[in-house]
Amino acid sequence: MFRILFFVLVLSFFAPLSQARSKGDRAVLRDLRADVGYLASDALQGRRTGTEGAHLAAEYIIARYQKLGIPAYGKAYRHPYLFSRGYDLGKSSITLNGRTMKSGDQAFPFAFSANRELSGNVLIDVQEQGSIWTLPLYANAEEANDPHFEVEKTAWDKTREAANAGASGVIFYDAYGAKYPPEFNPHSDFETLKIPAVFVGNEEWNRIKNGDAISVEVSLNIHIKKPQLQADNVAAFINNGAKQTVVIGAHYDHLGHGEDGGSLYAGHVPEIHNGADDNASGTAALMQIGAWLNTHRSKLNHYNYLLVHFSGEELGLFGSKAFAQESGIDSSHIAYMINMDMVGRLVDSSSALTVGGLGTSPSWNIIPPIMSEDGFRLVRDSSGVGPSDHTSFYHKGIPVLFFFTGTHPDYHKPTDDADKINYPGMLRVIKAIEQVVTSLDNAPRPHFTPTKESSLARVRFKVTLGIMPDYAFQGVGLRVDGVIDGRPAAHAGVQTGDIITRLGKDEVRGMQSYMEALSHQKTGNIADLVVQRAGKEILMKVQL
């Protein structure tokens with residue numbers, strides 16, 4: 001009887017603590033559902049960077065930190081930066097035989113066209129050096145009626161060849177009356193070439209030829225622009241008066257209606273890409289971790305904690321690069337960085353959780369035991385380089401960790417909705433990260449170690465220089481965002497910030513020509529590498 005009474009008393013003593021913990025979890029789950037539900041709602045129109053939907057998401061995040069009593073980092077929560085997205089025709093004009101054509105499906109410059117004014121009497125289909133060339137866009141009627149014909153790539157390839165052969169510009173014409181006439185592509189990812197290139201449709205071309213005309217009076221005035229837009233990172237700061245700061249981040253932007261590319265949606269009618277997992281999940285998780293850190297700051301005070309919500313991730317890590325470079329980030333005072341991107345689709349049957357960056361510090365040997373204790377099957381990735389915002393901090397010499405529950409059939413599609421999120425699974429991931437932070441709070445600052453290229457990286461080559469390209473760079477050439485130790489670029493003397501303009505015999509004007517230049521090289525080749533550094537051209541030898 002005594003034993004039974006004792007057992008009842010013990011249960012009654014611990015019951016309030018157990019119930020309180022359960023209530024706390026239920027409250028967090030309610031918050032997660034509310035946060036993801038709003039951020040991934042149609043009202044935010046897919047949180048495309050620089051749009052009203054992204055602005056509303058930022059306002060929501062700021063309001064949450066204000067309610068929690070966590071102040072802004074610096075003078076304000078918003079940390080604006082400028083970025084370029086897409087192309088604008090500006091004041092471009094195309095005049096043939098005195099007739100100025102309105103840009104549309106019958107006449108327009110390609111987005112990759114050089115900005116220049118050209119004029120003169122052009123002999124049709126006569127290809128002379130120093131002259132504007134006229135070239136058929138389609139080789140035959142079959143190509144003109146093929147819905148899968150790659151108009152822009154074909155025009156880009158032919159324009160580059162024409163420029164190399166001495167053409168001053170190219171007029172592409174449709175001689176067959178294409179069933180699917182091309183249009184100006186404001187979201188082109190083809191790099192700008194050295195000469196203007198324009199398209200003239202079948203109706204206008206027949207008018208120009210006017211029977212047996214052998215020449216045409218041409219006046220091209222091409223002024224394509226890349227509009228500068230503003231976006232905002234959002235940052236809150238828990239200042240414990242420590243010498244070192246921990247950055248915990250997640251991006252809050254997504255694809256809008258897929259206007260900027262990246263969508264895997266196969267439908268023809270644009271739909272909102274709500275991005276519940278990518279990355280409303282990481283955004284909601286970060287706000288919960290911020291609330292937890294603020295509540296426990298009397299114990300977790302060895303570091304300051306900087307909570308950053310990045311925009312522009314889907315465009316090429318624009319926001320995190322801007323924040324790391326422009327927001328007063330001194331890497332010598334940053335202990336480590338944790339990034340959460342897509343943490344909402346934990347599969348309960350496997351509990352597989354990918355943790356990237358495990359090679360960026362020996363201190364990360366604590367991760368496997370924590371993951372095992374919390375019931376996760378750890379999927380290891382050692383690299384500090386990957387397709388998310390931790391990469392921007394790794395290249396500043398900061399140890400990083402990247403948490404990710406994996407891809408799924410709804411990735412980058414309109415079907416990535418809030419009702420498909422595994423909220424209890426999110427809570428498990430959040431608690432595991434909190435345990436990591438707790439374990440590190442009283443530990444020495446993690447030592448940084450460089451790593452190999454990641455299997456999660458955006459691009460892999462058979463022959464590689466061993467650099468991380470700056471995908472946000474808008475100039476001519478390929479800007480180096482990071483150099484991997486022990487690889488060909490490092491041995492040759494390439495530095496972060498260098499702009500590669502030539503590899504071997506190939507001119508490099510952007511990512512496409514860089515990849516093509518790599519394809520012309522073989523392992524063991526010794527090639528010339530030309531870079532721009534601080535306004536000066538430097539020639540070096542690189543062994544691939």
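Numbers here are sequence positions counted from 1.
- Atom CG in N422 sits 8.5 Å away from atom OG1 in T405 (nearest 0.5 Å).
- Of all heavy-atom pairs between P446 and Y336, the closest is CG-CD2, 3.9 Å.
- Side-chain contact, N185 with E152: a donor N or O sits under 3.5 Å from an acceptor N or O.
- Side-chain contact between L358 and L401 is present, with heavy atoms from C-beta onward closer than 4.5 Å.
- A heavy-atom distance below 4.5 Å is found between the side chains of I500 and L465.
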**Prompt:** S311 and Y81: side-chain hydrogen bond (donor to acceptor under 3.5 Å, both in side chains), yes or no, with the steps?
**Reply:** CA-CA 10 Å; S311 62; Y81 64 93; 2.8 Å; yes
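- In this structure, the side chains of V476 and E191 stay at 4.5 Å or more apart for every pair of heavy atoms.
- Checked against side chain to side chain contact (heavy atoms under 4.5 Å, CB included), D35 has the following partners two or more places apart in sequence or in another chain: D31, Y60, R64, A284, M287, Q288.
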**Message:** One pair to check against side chain to side chain contact (heavy atoms under 4.5 Å, CB included): F310 and D341. What are the steps and the verdict?
**Reply:** CA-CA 11 Å; F310 304 108; D341 193 348; over 6 Å; no
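- A cation-pi contact links K226 to Y87, judged by a cut-off of 6.0 Å to the six-membered ring centre and 45° from its axis.
- Here the side chain of D441 pairs a donor or acceptor atom with the backbone of N301 at under 3.5 angstrom.
- Using a distance-only test at 3.5 Å, with no hydrogens or angles considered, a donor-acceptor pair links the side chain of D253 to the main chain of E314.
- With S113 contributing its side chain and A197 its backbone, the two residues share a donor-acceptor pair below 3.5 Å.
- For CD of E150, the number of neighbouring non-hydrogen atoms (other residues, nucleotides, ligands) closer than 6.0 Å is 12 at most.
- Contact record, A231 with G50: CB-N, 4.4 Å, taken as the closest heavy-atom pair.
- No donor-acceptor pair closer than 3.5 Å links the side chain of T354 to the backbone N or O of G406.
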**Item:** Verdict with reasoning, R428 to S351, per side-chain hydrogen bond (donor to acceptor under 3.5 Å, both in side chains)
**Value:** CA-CA 10 Å; R428 286 182 61 193; S351 291; 3.0 Å; yes
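- In this structure, D416 contributes its side chain and D277 its backbone to a donor-acceptor pair below 3.5 Å.
- Atom-to-atom distance recorded for I433:CD1 and T438:OG1 is 11.5 Å, nearest 0.5 angstrom.
- At least one side-chain heavy atom of H55 sits less than 4.5 Å from a side-chain heavy atom of R78.
- Using a 4.5 Å cut-off on side-chain heavy atoms (C-beta onward), H254 and N274 make no contact.
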**Asked** How far apart are the C-alpha atoms of H273 and S263, what are their side-chain angles, what is the distance that settles it, and do they pass the side-chain hydrogen bond (donor to acceptor under 3.5 Å, both in side chains) test?
**Response** CA-CA 8 Å; H273 292 58; S263 172; 2.7 Å; yes
**Asked** Can you check side chain to side chain contact (heavy atoms under 4.5 Å, CB included) on L503 and V542, steps first, answer last?
**Response** CA-CA 9 Å; L503 174 59; V542 60; 4.1 Å; yes
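- Put simply, the side chain of R502 gets close to the backbone of G504: a donor and an acceptor are under 3.5 Å apart.
- For the pair T360 and G384, the tightest heavy-atom approach, listed with the atom from each and the gap, is CG2-CA, 3.6 Å.
- Side-chain contact between F323 and Y73: present, with at least one pair of heavy atoms (C-beta onward) separated by less than 4.5 Å.
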Show which side-chain atoms of residues 367-379 pair as donor or acceptor with protein atoms under 3.5 Å away, not counting sequence neighbours.
none

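- In terms of heavy atoms, P387 sits closest to L317 at C-CD2, 4.4 Å.
- Residue T415 comes nearest to R345 through the heavy atom pair O-NH2, 4.4 Å, listed as atom of the first residue, atom of the second, then distance.
- The CD1 atom of I398 lies 5.5 Å from the CD1 atom of I334; values are rounded to the nearest 0.5 Å.
- Across all their heavy atoms, Y252 and A58 have their closest contact at OH-CB, 3.8 Å.
- For R533, the side chain to side chain contact (heavy atoms under 4.5 Å, CB included) partners are Q495, D498, I538, M540, not counting sequence neighbours.
- Here the NZ atom belonging to K396 is positioned 10.0 Å from the OG1 atom belonging to T496, to the nearest 0.5 angstrom.
- For F404 and H390, the ring centers are positioned 6.0 Å apart or more.
- Looking only at side-chain heavy atoms (C-beta outward), V246 and M337 stay at 4.5 Å or farther from each other.
- Looking at F172 and F110, their side chains come closer than 4.5 Å, going by heavy atoms from C-beta outward.
- Between the side chain of R85 and the main chain of T49, a donor-acceptor pair closer than 3.5 Å is present.
- Considering CD of E161 and CH2 of W133, their distance stands at 9.0 Å, rounded to 0.5 Å.
- A donor-acceptor distance shorter than 3.5 angstrom exists from the side chain of S361 to the backbone of H447, with no hydrogens or angles considered.
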**Asked** After noting the C-alpha distance and the side-chain angles of M340 and I248, does the key distance pass the side chain to side chain contact (heavy atoms under 4.5 Å, CB included) rule?
**Response** CA-CA 8 Å; M340 294 171 287; I248 308 178; 4.0 Å; yes
**Prompt:** Can E507 and T501 be said to form a side-chain hydrogen bond (donor to acceptor under 3.5 Å, both in side chains), step by step?
**Reply:** CA-CA 6 Å; E507 182 182 14; T501 57; over 6 Å; no
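- N240 places no side-chain N or O within 3.5 Å of a backbone atom of A242 that could act as its donor or acceptor partner.
- A side-chain donor-acceptor contact under 3.5 Å links T391 to the backbone of G386.
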**Message:** Using the rule given for side chain to side chain contact (heavy atoms under 4.5 Å, CB included), can you reason through F403 versus V355, listing the C-alpha separation, both sets of side-chain angles and the distance that settles it, and then say yes or no?
**Reply:** CA-CA 5 Å; F403 288 84; V355 181; 3.8 Å; yes
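- Separating the CD atom in E313 from the CG atom in D278 is a distance of 6.5 Å, to the nearest 0.5 Å.
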